[in-house]
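Structure first, commentary second.
Order of listing sets the numbers, starting from 1, for every ligand and every atom in it.
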Amino acid sequence: MCRHLAWLGRPRTLAELVLEPPSSLLVQSYAPRRQRHGTMNADGWGVGFWTPGRAAPARWRSARPLWAEPSFASVAPSLSSGCVVAAVRSATAGMPLEESAAAPFTDGRVLLSHNGRVDRNVLPAVRDAESTVDSALLAALVFDRGLDALGDVVREVGQADPGARLNLLAADGARLLATSWGDTLSMLVTPDGTALASEPWDDDPAWTDVPDRSLVVVTADGIAVTPLDRQDAA
Ligand code: GLN
């Protein structure tokens with residue numbers, strides 16, 4: 001399982017979010033604390049983020065381990081954003097090892113990361129997937145259906161493949177959406193903004209665990225956590 005995180009709030013540098021915390025995504029790439037599937041996340045990484053004056057997110061991905069990227073480490077303290085999605089990858093067996101298989105995926109408007117696995121045969125045909133990796137097909141499906149359908153997509157795919165793990169994390173520049181479906185998800189609410197992450201990046205007691213099978217929606221106005229396994233859930 002990969003590890004991912006997102007931030008919405010006061011602009012912070014990519015180094016502050018991804019590299020510097022004691023259990024940052026960088027540390028999680030070789031020593032995750034809560035990972036249930038796989039032991040390392042060395043099969044690539046990606047960071048997507050919005051900057052002022054540009055509607056489309058910028059994105060930097062690589063098929064190398066995050067710890068082997070001195071150029072990113074050099075530039076990350078100079079890149080700031082108020083809306084970020086980042087991930088480190090542990091490839092599922094049989095999936096391609098390539099930059100285009102690393103999250104976050106994008107359609108130019110939304111960033112999406114997938115922590116988990118799904119049987120590609122249960123997914124409807126999609127156009128424009130970035131890679132044949134299961135996560136890219138799932139991302140293309142969400143891009144087709146729209147972010148508002150994220151919970152519905154996870155419920156439907158989860159019913160079609162009961163063994164699927166579907167922790168999705170998405171952003172559109174103004175909000176974050178996340179699902180917990182088979183793996184860990186934590187949340188940190190601060191006066192400066194909100195973080196969602198596969199696992200806490202430090203030991204701040206303010207981190208809370210999101211219950212399995214939830215949908216989390218974060219906007220500037222607040223946070224909503226709703227159960228995904230109730231028929232009437234959002
Ligand atoms: N199935 C995805 C991949 O192969 C995600 C894997 C993961 O969450 N570890 O990249």
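For ligand 1, the atoms lying closer than 4.0 Å to a non-hydrogen atom of Met95 are 4 (O). In the vicinity of Arg89, heavy-atom distances shorter than 4.0 Å reach the ligand 1 atoms 3 (C), 4 (O), 10 (O). Heavy-atom proximity to Val133, at under 4.0 Å, picks out these atoms of ligand 1: 3 (C), 4 (O), 10 (O). Residue Ala91 approaches ligand 1 through these ligand atoms, each under 4.0 Å from one of its heavy atoms: 4 (O).
Residue Ser90 has at least one N or O atom closer than 3.5 Å to an N or O atom of ligand 1. When only interatomic distances are considered, the shortest N/O to N/O separation between Cys2 and ligand 1 falls below 3.5 Å. Of the N or O atoms in Gly116, one or more lie within a sub-3.5 Å distance of an N or O in ligand 1.
Using a cut-off of 4.0 Å between Lys/Arg side-chain N and Asp/Glu carboxylate O, Asp148 and Arg175 are scored as salt-bridged. By the 4.0 Å N-to-carboxylate-O rule, Glu16 lies too far from Arg10 to be salt-bridged with it.
Nearest approach of Arg33 to Glu199, heavy atoms of both residues: N-OE2, 2.6 Å.
Using modelled atom types and a 3.5 Å distance limit, the side chains of Asp209 and Ser186 yield a donor-acceptor pair. Side-chain contact check for Ser62 and Glu69: at least one donor-acceptor pair (N or O, by modelled atom type) lies under 3.5 Å.
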